[in-house]
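Accompanying notes for the structure given below.
Just so you know, residue 1 is the first one in the sequence shown, and it goes up from there. Please read these numbers as outputs of a predicted model, since none were measured by experiment.
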Amino acid sequence: MLIFLICIALLLLAYKLYSPFVEKQAGIDPNVQTPQTRFNDGVDYVPVHPAKAFLIQFLNVAGVGPIFGPILGALYGPIALVWIVIGNILGGAVHDYFSGVMSIKEDGKSLPEIAGHYFNIYFKAAMLVFTAMLLFFVGVVFIMSPAGLLSNLDYFKDTIFANNTFWVLVILGYYFFATLLPIDKIITKLYPFFGALMIVMTTSIAVALLINAPQLPEFGDIFAYFDHSHYNNDLLEPNPDGLPVWPLLFVTITCGAISGFHSTQAPIMARCLTNEKYVRPVYYGAMVAEGIVACVWATAGIAAFPGGYVELKEILALGGPGMVVNQVATTYLGVAGGIMAIIAVAVFPITSGDTAFRSLRLTIIDAFKIPQSMTNRLLVAVPVLIIAYFMTKIDFTLIWRYFAFSNMLLSTSVLWLATKYLFDRGTIHWIVSIPAIIGTCVTVSYIMTAGIGFGLPQELSQPVGIAVGVVSFIGLLIAHNKRKAAPAA
């Protein structure tokens with residue numbers, strides 16, 4: 001119990017103590033006009049109250065990411081909690097914050113446009129490819145996963161609602177309208193409610209686990225991955241498959257720790273904030289909240305089942321993380337929990353999928369300077385959604401692997417972009433450059449060993465990733481020293 005409470009306390013303290021320091025480096029000015037004020041168009045640039053903006057941003061970036069990923073990561077044991085907290089404080093929250101800062105400073109523009117401003121046209125083109133690819137994969141994943149869940153519910157057995165294609169078309173139909181309509185027609189009306197619902201569900205699960213869970217993790221369990229002799233019962237031994245923590249844990253748990261997808265969502269609220277002072281509570285705050293959600297569900301995976309990690313693995317094999325959510329919610333919260341579980345694994349991914357396609361529309365329109373007429377929005381959105389439909393016919397696990405890699409790659413790229421932003425300001429860049437180096441190590445290690453990459457053995461891919469990180473650090477030191485010496489020259 002103590003380790004869980006410490007994790008939550010550290011996340012809250014990071015927002016209270018560390019985020020103001022981060023904000024000082026960013027050049028926030030409460031007195032300047034925001035993009036919403038200057039470009040109010042009634043479609044994307046629409047004023048939104050900061051409390052609503054926080055809940056919308058929280059739901060946009062969360063979805064089922066901080067639920068499914070930590071459940072899968074729970075197989076590694078309590079070390080998953082350590083990664084979530086460290087990753088969130090030093091990486092994810094800073095990443096999300098500067099995504100919001102750079103977007104609001106650049107008129108609410110999308111990532112590729114920001115990259116082109118701070119680097120060059122080549123980096124802009126690379127970011128356009130990475131961003132579009134990630135947004136598209138996120139959208140497709142969040143069509144397939146809720147459609148699969150809804151079509152397999154017992155309530156719909158032997159009806160048309162048990163047909164997966166039916167739900168794919170229904171979800172695509174919703175995405176069509178949510179992508180095209182002004183943001184204040186659906187998103188600002190419904191999403192604050194669903195964001196609040198996620199907070200209620202997370203709090204309820206956390207309290208129930210602390211009271212009733214059979215095996216809450218302790219401090220000694222953190223090191224169990226390295227010393228399995230700590231356990232006398234094989235059922236309680238983490239990491240039953242012996243998978244390497246580096247880099248797989250960092251890929252398994254992204255949302256809650258650090259996720260490149262979050263940066264693609266930054267322009268949505270950057271176009272709606274009425275003052276720059278709201279960037280920290282909306283972006284940094286939403287990521288801290290997501291870290292808390294991730295800690296709760298990692299703890300659920302570790303502690304909720306009497307059969308320990310073996311039982312968790314069996315449930316995952318039968319029905320994936322969605323079944324784990326259902327069993328945890330119904331076991332600890334009863335009928336109300338069952339209803340919340342269905343909402344969690346069906347509605348929450350849809351709320352991330354539609355904003356993924358909306359962000360993809362904004363990214364394409366920004367990149368090619370397309371006017372924001374309804375005709376142009378249709379010409380962009382319709383082909384994208386048609387292609388997405390055919391992509392749902394591809395193996396889900398293949399789509400997920402590409403999503404995971406592009407997610408890591410984009411988060412690392414954004415951290416390097418934020419490094420350049422702080423370099424140009426002459427402020428402390430280490431708050432983003434050190435996480436960027438670590439992200440580079442993880443990304444290179446993963447693609448070297450992954451089946452979608454080079455497929456090299458772990459003992460070779462890990463040193464290559466670390467070597468690339470060391471070279472990046474040396475290059476950064478040289479650039480840092482040149483910057484310090486420049487005024488004296």
Side-chain angles (χ1 to χ4, degrees), residues 33-49 52-53 56-57 59-60 63 103-104 106-114 116 124 127-129 131-140 142-143 146-147 167-194 261 263-274 347 349-392:
Q33 286 189 329
T34 62
Q36 179 278 315
T37 305
R38 289 180 283 114
F39 304 110
N40 193 327
D41 62 0
V43 179
D44 296 308
Y45 293 89
V46 176
V48 174
H49 189 278
K52 275 191 174 182
I56 293 168
Q57 175 68 12
L59 194 65
N60 284 355
S103 185
I104 203 168
E106 294 291 320
D107 299 334
K109 289 178 181 175
S110 304
L111 275 174
E113 303 306 302
I114 300 170
K124 174 183 175 179
M127 288 291 281
L128 178 59
V129 171
T131 302
M133 182 172 67
L134 177 59
L135 286 169
F136 189 75
F137 285 142
V138 168
V140 172
F142 288 153
I143 296 170
W167 287 110
V168 167
L169 292 173
V170 167
I171 293 168
L172 273 171
Y174 167 73
Y175 284 177
F176 174 77
F177 290 106
T179 300
L180 293 175
L181 289 174
I183 194 169
D184 59 350
K185 300 303 180 186
I186 296 178
I187 292 176
T188 62
K189 285 183 170 59
L190 294 180
Y191 284 25
F193 168 75
F194 286 124
F261 171 64
S263 62
T264 67
Q265 302 300 287
I268 294 179
M269 283 299 101
R271 301 179 187 216
C272 299
L273 294 181
T274 56
V347 176
I350 293 173
T351 61
S352 289
D354 69 356
T355 52
F357 283 120
R358 188 181 189 90
S359 295
L360 182 55
R361 172 178 67 80
L362 295 177
T363 299
I364 294 170
I365 282 176
D366 285 350
F368 297 99
K369 307 293 187 296
I370 302 171
Q372 279 274 39
S373 67
M374 176 58 78
T375 301
N376 288 336
R377 299 206 301 272
L378 281 168
L379 290 173
V380 172
V382 171
V384 166
L385 294 173
I386 290 173
I387 296 170
Y389 169 75
F390 288 105
M391 288 290 288
T392 63

### Task
Give the intermediate values and the outcome of side chain to side chain contact (heavy atoms under 4.5 Å, CB included) for residues Cys272 and Ile183.
CA-CA 9 Å; Cys272 299; Ile183 194 169; 4.0 Å; yes
### Query
So with a 6.0 Å cut-off around CZ of Phe177, is the heavy-atom count from everything else above 12?
no
## Note on the structure
d(Thr392 OG1, Ile143 CD1) to nearest 0.5 Å is 6.5 Å
### Task
Hey, can you tell me if Phe357 and Phe136 have their rings parallel, tilted or perpendicular (30° and 60° cut-offs)?
perpendicular
### Query
How many angstroms lie between CG in Leu59 and CD1 in Ile187, if you round to the nearest 0.5 Å?
10.0 Å
### Task
For residues Lys52 and Val48, report the shortest heavy-atom separation together with the two atoms involved.
CB-CG1, 3.7 Å
### Task
Please lay out, stage by stage, how Val170 and Tyr174 fare under the test side chain to side chain contact (heavy atoms under 4.5 Å, CB included).
CA-CA 6 Å; Val170 167; Tyr174 167 73; 5.9 Å; no
### Query
Between the side chain of Thr264 and the main-chain N/O of Phe261, is any donor-acceptor distance below 3.5 Å?
yes
### Query
When rounded to the nearest 0.5 angstrom, what distance separates CG in Leu134 from OG in Ser263?
7.5 Å
### Query
Sub-3.5 Å donor-acceptor pair from the side chain of Thr274 to the main-chain atoms of Pro47, do we have one?
no
#### Entry: Gly42 to Pro182 - nearest heavy-atom pair and separation
O-CB, 3.2 Å
### Message
Tell me the closest heavy-atom pair linking Pro35 and Gly108, and the distance in Å.
### Response
CG-N, 3.7 Å
### Task
Could you pull out the closest heavy-atom pair between Asp41 and Tyr45, with the gap in Å?
OD1-N, 2.9 Å
### Message
Tell me whether Asp184 contacts the main-chain N or O of Thr188 through its side chain, where contact means a donor paired with an acceptor under 3.5 Å.
### Response
no
### Task
For a side-chain contact (heavy atoms from CB on, under 4.5 Å) with Ile350, tell me which candidate from Phe194, Phe142, Tyr175 qualifies.
Tyr175
### Message
Using modelled atom types and a 3.5 Å cut-off, is there a donor and acceptor pairing between side-chain atoms of Asp366 and backbone atoms of Lys109?
### Response
no
### Task
Using a 4.5 Å cut-off on heavy atoms from C-beta on, say whether the side chain of Val384 contacts that of Phe176.
no
### Query
How far does CE of Met269 sit from OG of Ser103, to the nearest 0.5 angstrom?
11.0 Å
### Task
Determine, step by step, whether Asp107 and Glu113 satisfy the side chain to side chain contact (heavy atoms under 4.5 Å, CB included) criterion, reporting the C-alpha distance in whole Å, the side-chain angles of both residues, the deciding distance to 0.1 Å, and the verdict.
CA-CA 10 Å; Asp107 299 334; Glu113 303 306 302; over 6 Å; no
### Task
Might you confirm whether atom NZ of Lys185 has over 12 heavy atoms from other residues, nucleotides or ligands at distances under 6.0 Å?
no
### Considering all heavy atoms, the nearest Ala147-Ile171 contact
N-CD1, 3.8 Å
### Summary
Heavy-atom closest pair (Thr179 atom, Arg361 atom, distance to 0.1 Å) is O-NE, 2.9 Å
### Query
Within a strict 4.5 Å, meaning less than it, do heavy atoms of the Thr363 and Leu128 side chains meet?
yes
### Query
Side chains of Arg358 and Gln265: donor-acceptor distance under 3.5 Å anywhere?
no
### Query
Can you check whether Val138 reaches Leu135 side chain to side chain, under 4.5 Å on heavy atoms?
no
#### Entry: Euclidean distance, Ser373 OG relative to Leu378 CG, rounded to 0.5 Å
8.5 Å
### Summary
Rounded to the nearest 0.5 angstrom, the CD1-OG1 distance for Ile56 and Thr351 is 11.0 Å
### Message
Do Asp44 and Gln372 pair up side chain to side chain, a donor and an acceptor below 3.5 Å, judged on atom types alone?
### Response
yes
